[in-house]
Amino acid sequence: MNGVKKNTVAPMFQLNNITKSFGGGFSLSPLSLVIQKGETVALVGPSGSGKTTLLNIMANIIRPDSGQVIIDGVPAQKLRPGRELSRRVGMVHQQFDLVDQLPVIHNVLAGRLGEWGLGRSLLSLFIPQDKHLAVHALERVGLSAKIYQRTAYLSGGEQQRVALARLLVQRPAAILADEPVSSLDPARAEDLLRMLVGFAREDEQTLVASLHSVDYARRYFSRLIALRDGAVYFDLPVSAVDDGTLARLYDLGEDANGEAICQNP
Amino acid sequence: MARQFVKTHDRAILTVILVAAFAWSLSAVPWDSTVIHAGGKAAILQMLKAMVRPDLSPETLKLALVSSWRTLAYAVAGMSLAIAIALVFGVLAAGILVTGRGRLAVMGFFRGVLGFMRAIHELVWAWLFVAATGLSPLTAVFALAIPYGGTLGRILADMLNDVPPEPIRALRASGAGKLQLLFYGYLPMAMADMTSYIMYRLECAIRSATIMSFVGLGGLGYQIHLSLQDLHYNQVWTFIFFLTALVMLVDLWSNQLRRGLVP
Ligand SMILES: Nc1ncnc2c1ncn2[C@@H]1O[C@H](COP(=O)(O)OP(=O)(O)OP(=O)(O)O)[C@@H](O)[C@H]1O
Ligand SMILES: [Mg+2]
């Protein structure tokens with residue numbers, strides 16, 4: 001998938017000179033990126049470097065102060081919330097993205113809300129609609145036994161998999177994941193990453209995930225984008241990333257506005 | 001400098017002011033024999049004596065049972081109507097159904113309506129209704145439902161606003177519209193707290209319904225009123241014990257409900 005269709009298919013994400021500043025002094029400096037359909041990209045960088053901000057901009061959750069965000073060929077500000085957006089982009093967060101009080105099945109089926117009208121959504125709370133989709137998604141993440149459990153009773157790792165099942169039901173063209181594994185133990189983290197990347201490849205989805213572990217980033221993803229102080233520090237295929245570069249990325253002593261190594265791969 | 005001091009110690013300052021106000025209020029009470037009036041001691045003794053010998057004759061028990069039922073019916077009917085009012089007005093006052101320029105206006109308007117409803121005490125509503133429509137069970141129900149709806153609606157609006165934003169954002173990202181957000185996010189998340197608050201208010205509603213029946217609407221309060229007038233303290237205690245039992249029953253019921261709801 002990668003690269004081959006570059007000229008015939010619109011990129012999944014295209015960011016042109018976006019900026020975003022917050023009161024606290026942080027700002028995303030003019031930043032440009034292109035992510036093609038089907039790529040698996042890891043977003044790395046020190047805490048506070050702007051990973052979450054960038055993902056939220058790509059998910060159209062927050063708007064940049066200036067610059068252009070084009071999602072699947074459509075300018076982001078033209079994508080109305082609801083179905084138009086949910087078919088293109090889905091997002092998983094580190095935690096807290098499920099409704100604890102609902103049974104697992106409704107949290108999974110929430111991935112269909114963009115497709116359902118209000119009547120069907122309400123009916124589904126009593127008689128689950130499109131139940132086979134939820135059952136199948138929960139089988140894929142290995143949680144079929146918990147389908148009617150109240151979500152709050154699940155462990156953190158299980159909740160993360162429920163969030164993943166919701167995405168499987170939603171089937172967006174691109175998955176954005178903000179630190180999807182930082183609350184999991186190493187074994188579960190690897191499990192979840194393997195699933196996330198595996199599903200994205202199977203369903204030909206684009207995947208962009210922010211990670212604190214460079215090790216995971218290198219093992220599971222094909223491209224690494226490093227942020228530092230709101231700017232792209234490097235953007236390289238995983239094979240071109242060496243330990244020295246990574247050490248410099250996280251080196252606290254270095255000059256804050258260290259030169260970007262490579263803007264465009 | 002001074003402003004900084006006030007800012008960092010605002011809680012401590014408020015506490016000092018409140019404690020001082022309380023201490024002052026104690027000094028304002030004339031602590032002499034006038035706190036309890038002269039004939040009061042005898043009456044109190046009489047009442048205490050009656051407490052251990054409540055009137056348990058079949059007629060009184062039957063009357064107490066019927067009155068308890070009536071009081072409970074007023075309270076439950078009033079609360080049901082209050083919940084309906086609170087759901088509609090609370091959701092609108094929380095401003096989760098409207099976005100954009102009109103949002104603050106809608107929020108302000110419905111918060112104002114809720115404020116008006118609860119600013120007036122249920123007894124006053126009862127007097128107003130009795131003046132307008134005469135004595136009827138509906139009077140009691142509406143008199144209760146309006147201020148309680150005002151309070152519940154305000155609390156519901158606050159709870160909806162305090163719901164954690166992350167699950168809501170995730171639902172929105174899954175394509176949920178405003179009403180879908182309400183039923184899949186806001187209401188399920190606010191439901192447990194809201195239910196225990198409603199059960200607590202139901203206790204209050206029973207007390208209010210009791211007081212309200214002094215106005216002449218029937219029920220436990222009315223019976224207590226009559227027995228007090230006739231100085232039948234034994235009967236008064238029977239009714240008070242029934243009232244206590246009623247409140248305790250509601251408490252049991254609410255514990256039962258809460259166990260099923262809290263994760
Ligand atoms: N809504 C906001 N208001 C003010 N400042 C914000 C807001 N969101 C983010 N920031 C600031 O922007 C900076 C970048 O935040 P961001 O969450 O994007 O970093 P991050 O790379 O995801 O960090 P981490 O790895 O710790 O999650 C931080 O300094 C943060 O304090
Ligand atoms: Mg972050």
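Order of the sequence lines sets the chain letters (A, B, ...), proteins ahead of strands, with each chain counted from 1.
Within the 4.5 angstrom heavy-atom criterion, only backbone atoms of A/V89 (N, CA, C, O) approach chain B. Proximity to chain B (any heavy atom under 4.5 Å) is shown, for A/A59, by neither the backbone nor the side chain. Heavy-atom distances place both the backbone and the side chain of B/P188 under 4.5 Å from chain A.
The 12-atom threshold is not exceeded at CZ of A/R171, counting heavy atoms of other residues, nucleotides or ligands nearer than 6.0 Å. Around the CZ atom of B/R207, the shell of radius 6.0 Å holds no more than 12 heavy atoms that belong to other residues, nucleotides or ligands. Within 6.0 Å of CZ in A/R188 there are 12 or fewer heavy atoms belonging to other residues, nucleotides or ligands. Within a 6.0 Å radius of CZ in B/F142, other residues, nucleotides and ligands contribute 12 heavy atoms or fewer. Counting heavy-atom neighbours within 6.0 Å of B/F241 CZ, excluding the residue itself, gives a total above 12.
Using modelled atom types, one side-chain atom of B/Q180 and one backbone atom of A/L113 make a donor-acceptor pair closer than 3.5 Å.
For the ring pair (Phe, Tyr, Trp, His ring centres under 6.0 Å) test, residues two or more places apart in sequence or in another chain that qualify with B/H9 are B/F5.
Annotation: the span from B/S174 atom OG to A/L85 atom CG amounts to 10.0 Å, rounded to 0.5 Å.
Among residues 115-129 of chain A, the residues having any heavy atom closer than 4.5 Å to a heavy atom of chain B are, in sequence order, A/W116, A/G117, A/L118, A/S121, A/L122, A/S124, A/L125.
Sorted by first then second residue, the salt bridge (charged side-chain N to carboxylate O under 4.0 Å, His left out) pairs that include residues 91-117 of chain B, not counting sequence neighbours, are B/R111-B/D158. Screening residues 153-169 of chain A for salt bridge (charged side-chain N to carboxylate O under 4.0 Å, His left out), with sequence neighbours left out, gives A/K146-A/E158.
Exactly one residue among B/L171, B/I168, B/L187 makes a side-chain contact (heavy atoms from CB on, under 4.5 Å) with A/V99. That residue is B/L171.
Across every non-hydrogen atom of B/A170 and A/D97, the tightest pair is CB-O, 3.5 Å.
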**OP:** Test A/M91 against B/R169 for side-chain contact (heavy atoms from CB on, under 4.5 Å), laying out the working first.
**Re:** CA-CA 10 Å; A/M91 192 156 182; B/R169 214 169 41 198; over 6 Å; no

